Every structure is written in structure tokens, then in C-alpha cells.
Amino acid sequence: MVVHDTAVTGPHRSDAPPTPVREVEIAVIGGGVGGIGLAVALRRRGIEDFVVLERGNDFGGTWRDNTYPGAACDVPSHLYSFSFDHNPDWSQTFSTQPEIQDYILGVAERHHIREKFSFDHELIAADWDEPTSRWMLATTHGPISARLVVSAMGALCEPNMPDIEGLDRFDGPVFHSAQWDHTVDLAHKRVAVIGTGASAIQIVPAIASTVAHLDVFQRTAPWIFPRLLRNYSKLERFAFRRVPGLTSGFRSILYLLREIYAIVLIKFPPATAGLGLIAAVKMRIEVRDRALRARVTPEYRVGCQRMLSSNEYYPALGRENVDVVTSGIAGVQKDSIVTVDGTVRPVDAIVVATGFRITDSPTFDLFRGRAGRTLTQIYAEHGVSAYKGTAVAGFPNMFVILGPNSGLGYSSAIYMIESQIKYIVDAVAAVHNRQIASVEVRPEVQERYNSDLQRKMSKSVWVTGGCRSWFLDSTGRNVALWPDFSFRFRRQLSTFDIESYDVVQRAESLTAGVSAIPGSRR
Ligand code: NAP
């Protein structure tokens, strides 16, 4: 890594003395699962000239931030982990947030990547500089110049605060599920939880028995499935540790079982009726009160919104001190929430579990590609889309982890992330070995890719199931999820298809010889 003394002023401090520009080959933004996986993969390929900028003070991203009571994962523990670092010691079939965060920290330590991470470094702006074919990054710790930029910020990094009249004037504590205020003791308080998504259905049972009263504000009822949760026995964990290939084999079984969802949700949505039956029977058993059952029965096809699993949510809703409020929120007063039917519900604290800004993330404003145009502007014009969820036309030398249509509605996001990492590392190696100044996906290739993708999507329950969800943009297009088997995503990213990109050679490339990064097409 080179630090130039060229006097360039950090853009955020125009009157401050010049800050030296730090020069790197690759700048990765985000120290969550994506950033960690990429750092490990780059080092394994012998690529050392990179830095990972993380705005928080530790590894983990969304798993570091989401510390709300009851936080856990819906994907089986053995599947929700890196392929290169199996954990035989998962304590349960589905892991809690603390255990996942411990695992993530363990991966970072075991693979010695800490020195590559700059914590408390927030990206302020990233500008493509045409003349030098480099990205100029403004950060809270000064400027960085990088040949390549990888956004590993993920989709769940920007909390969505609802635009509710008076929320800012509420006297008591108000916090988002991803920014849980652990200094607030909710015991014996009247609490409101806004939202009934994946986070809320974990929070509600976790706090219902300690609060004085709980109002759950439901806009759309979720479909909820049994959670096949149990502890792994000592014997099972011993076997996972000692029997060669057992964790791999078990992961493969879990993986294949999850792929069945792709058939049901995408290829043959009428089959969701079978899933609907399971969820309806569960509801019938767990919600004895007819009126409550009517209120929590969804009006859209199973799978249209993300399918949730919990054994405790419905029983929590049935408690004496819990109300499910289906009348919309008209506004918030200093000590109460008023619903559109005119009811005033006194509350002491408000938990906002309204999800994340996924299709309109403010992080899209940070990146300015060709002609100074931001991702927000490009997306507004062409819709939120990318090539293979990983590259965007107009943004040379930039890659995205978990970009548009690379989310998975039914299995492990880490599988998708690792598929993208392989592709990105191949691209990095190609840029190095071929002495390339810039690579940029061709707009017509990206367009063709997306019309094909949306054609596959058109049958899926996500767009035909009659619901509104965070998968959809304002025009109703699913811009978040991958509409096929996940192994097809992996296959299409298995090698960097440079022929789909416009390539500009470096001027010096005609004369200079370079030592090749191994395992790459030259
Ligand atoms: P979410 O699934 O987007 O749910 C947000 C909830 O807030 C929905 O019920 C939504 O209602 C409601 N809402 C949004 N804006 C509102 C408003 N203005 N007024 C009233 N209600 C409003 O968010 P999340 O629960 O935080 O989960 C986000 C994603 O994180 C998940 O889909 C999943 O990928 C991940 N996650 C996973 C787990 C897990 O594995 N168990 C746990 C937590 C999070 P509508 O449905 O009507 O929009």
C-alpha cells in the first residue's frame, strides 16, 4: 500500500491542512459477512493491496448491529456459515445473534484479516475519476485513491424510519430494532412495537412477559411457520467435530432441502397452497381466539412476503397484556399513539421494527460513476438493476456484494455472497494480470440479463402473490431477489466473463511485464 504525499485536501474539511491520499489497489466498503469473506478470499489468492473500510467499531455488519431481544437467524446454523470455515459447535439448529456474531469474530481472527480493516472509517463519497481511471474516496479519516471499489455494505444497513406524524415529538424512548437502546429498561412499561416482520416477531415474544402492556401495530399480517428449533446434543457436536466430511455432508443436505423452496416459490407457485395449509393449521392450533385469528390471517399467498418462523409469536399475541392493533397509525402524541379509528393508546416506549431501506438506500448516493452520476440517479432512470447482482453499467471498476436481485428469499445469503466473492476476485486478478485500466459491464449486456431475469421472476409468488413487500420497488418490480435455484446464480458467477465488459488497457501495459495472480485467466 502506498501513501502519497501529494497535497489533497480531505473533501469534508476544506479549511483543514492537506491530508495525504492513501493509495490502494482495492477499497472494500463494509466489514460484515461480505467484507470479511472477500478479505479472506483476496488474501488466499495472494492479493494483499486492499483495505476494508467499516463505519462501525467491529466486524459483523448487520449481525453486530441487530442486538434486539430474541434476534436470531431463520436459516439453519450449519448452512448459515462460510464454506471455508465450518463450525461444528453450533449449539442449536437455528442460531441466535450472539452466537453468529461470535462465529463472525472467530472467522476474522482465524483468518488473520484484522490488520486489513479500518474501523470507524465511514465512506462519505466515492467518485470515479475518469482521467486516472481510479476511484477517489472521501472518508471520515481522509481521502483514499483505489483502482477498484467493492461495496459490501449489504442490504440491511440503513434502518427505515417510518414517516409517522409526531414520532419525533414523542416524550419517551423511540428506537429502531437495528439500533436497540439497551439503556432503556422496558420492564413494567407500556410498549408499542410497530411492524410485524422478521425482526418484530422475534422481539414481541422476547419482551411480552416483562412489559406491562404491549401494542403490536400490524399493517400486513405475516405467514408464520413452525421453527424446528432444538439444541444439538454433545454427541452430535462431537460427531460434527470428529467425523471427516460430516459438516460438509450435512450442509449439502440442508442446502438441497432449501432449494425445494425455489421450485415452490418461483417455478410452480400453486404449490404454495401446501405451505399455506401448514401455516394455517399452526395458526389454528396456536391462536384459539377467533377474533384474533381473523386479525392475524394474511390476505396474500404464502411466500409473497418473506416466510417467517416462530413457535412463540402467536402464543405471545394471545397474552392478556398484548393487543394486536390493525387500525393504521394516524399519529404519535407525546405519550400515546393515535390510530385512524380515533383510539388513543397510551405508551411509554416505541420500538420501530419497520425494516430497512433496501430499494431506496441512502448509500446509493455515495457512489458517483461516469459523468458524476450517482447510483440513485441511474436507478431512478433505469430501475434498480445490476449485472449478475454484482456490476452496474456506468460504474467502472466497481463491484457490489448483494446488489440488486442477488438476495435469497429462501436460503443462506452467505451462499450468494461467496458466489459473488469468487467472481470479484477473478475480476481483480484479470485487472491485474492483463494490466487493465478499467472494466465496465456493457449496458446492453446488463439490459439483456435483466429482461431475462424479470421474465423468470414474472411467475414467482413474490410478484403474483398479491402483497406489498420490501422486495418490490415503487413500480412493483422485484429488484431484491434472485428468481431461480441458487446454484444457477453460483454457476453464472463461476468465472469472470470479461467479454461482457468494456475494457480499457493501461497505457503502461504495452511495455510492462507483471507477475500473474495464480488461478486466473490472463
Ligand atoms: P421487514 O421484514 O421489512 O418488516 C417491516 C415491518 O414493518 C412490516 O411488517 C411492515 O409492514 C412494517 N412497516 C414498515 N413501514 C411501516 C409503517 N410506516 N407503518 C407501519 N408498519 C410499517 O423488516 P425486518 O423485520 O427488520 O426484517 C428485514 C429483513 O431482515 C428480513 O426480511 C430478513 O431478510 C432479515 N431478518 C431476518 C431475520 C431472521 O432470519 N429471522 C430476523 C430479522 C431480520 P408491511 O408488511 O405492511 O410493509
Side-chain angles (χ1 to χ4, degrees), residues 32-33 61-63 65-77 79-80 92-97 99-100 154-167 175-180 192-206 215-225 227 229 258 296 298-300 303-313 324-332 337 339-340 350-361 402 406-414 416 462 465-472 474 480-482:
V33 169
T62 197
W63 287 110
D65 293 344
N66 280 270
T67 59
Y68 60 76
C73 187
D74 277 355
V75 178
S77 312
L79 190 55
Y80 196 83
Q92 292 178 298
T93 46
F94 295 90
S95 300
T96 59
Q97 177 271 338
E99 199 167 353
I100 294 172
L156 308 178
C157 62
E158 294 293 331
N160 169 41
M161 285 304 279
D163 185 16
I164 296 174
E165 209 279 315
L167 190 58
F175 48 86
H176 189 275
S177 52
Q179 297 164 335
W180 195 270
V193 171
I194 303 177
T196 52
S199 304
I201 71 144
Q202 296 179 335
I203 293 167
V204 166
D215 282 331
V216 181
F217 289 86
Q218 171 189 285
R219 192 164 69 174
T220 309
W223 282 108
I224 299 181
F225 289 82
R227 193 166 174 79
L229 182 67
R258 289 267 155 171
V296 298
E299 289 168 356
Y300 56 85
C304 183
Q305 282 201 347
R306 194 171 180 279
M307 293 187 296
L308 307 180
S309 65
S310 171
N311 302 331
E312 292 140 8
Y313 180 65
V324 177
V325 183
T326 52
S327 181
I329 298 173
V332 173
I337 295 182
T339 49
V340 286
I350 300 177
V351 174
V352 181
T354 47
F356 299 86
R357 290 182 61 186
I358 291 164
T359 57
D360 66 340
S361 174
L402 289 186
S406 62
L408 259 195
Y410 58 86
S411 190
S412 172
I414 300 180
M416 304 300 268
W462 302 315
C467 75
R468 170 179 57 184
S469 75
W470 63 257
F471 308 150
L472 311 179
S474 54
L481 300 184
W482 167 246

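Counting starts at 1 for both ligands and their atoms, in listed order. The structure presented is a predicted model; accordingly, all values stated were derived computationally and were not measured. Just so it is clear, the values below take in all heavy atoms, side chains as well, and ignore hydrogens, waters and symmetry mates.
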Identify, for [atom], the protein heavy atom at the shortest distance, and state residue, atom and that distance.
{"atom": "atom 33 (C) of ligand 1", "value": "R306 NE, 3.4 Å"}
{"atom": "atom 4 (O) of ligand 1", "value": "G197 CA, 3.5 Å"}
{"atom": "atom 2 (O) of ligand 1", "value": "W470 NE1, 3.7 Å"}
{"atom": "atom 23 (O) of ligand 1", "value": "G355 CA, 3.0 Å"}
{"atom": "atom 20 (C) of ligand 1", "value": "I194 CG2, 3.7 Å"}
{"atom": "atom 43 (C) of ligand 1", "value": "Y68 OH, 3.2 Å"}
{"atom": "atom 40 (O) of ligand 1", "value": "D74 N, 2.9 Å"}
{"atom": "atom 18 (N) of ligand 1", "value": "P162 CB, 3.3 Å"}

Hey, does [X] come in under 3.5 Å of ligand 1, counting only N/O atoms on both sides?
{"X": "D163", "answer": "no"}
{"X": "L156", "answer": "no"}
{"X": "C73", "answer": "no"}
{"X": "S177", "answer": "no"}

So which of [options] gets nearest to [atom], if we judge by its closest heavy atom?
{"atom": "atom 37 (C) of ligand 1", "options": "G195, S199, A198", "answer": "A198"}
{"atom": "atom 46 (O) of ligand 1", "options": "Q305, R227, R219", "answer": "Q305"}
{"atom": "atom 47 (O) of ligand 1", "options": "T196, V216, T220, L408", "answer": "T220"}

Proximity of [X] to ligand 1 by residue part, where a heavy atom lies under 4.0 Å:
{"X": "A71", "result": "neither"}
{"X": "N66", "result": "neither"}
{"X": "F217", "result": "neither"}
{"X": "Q218", "result": "neither"}
{"X": "A353", "result": "backbone"}

Inset, instruction - Indicate the atoms forming the closest heavy-atom contact of A200 with T196, along with that distance. - result: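 It is CB-CA, 3.7 Å.
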Inset, instruction - Determine the interplanar angle of the W180 and Y68 rings, folded into 0 to 90°, and report it as parallel if under 30°, tilted if 30 to 60°, perpendicular if over 60°. - result: tilted
Inset, instruction - Identify, by atom number and element, the atoms of ligand 1 in contact range of A72, meaning under 4.0 Å from any of its heavy atoms. - result: 38 (C), 39 (C), 40 (O), 41 (N), 42 (C)
Legend entry - Spacing of L156 atom CG and N66 atom CG [to the nearest 0.5 Å]: 7.5 Å
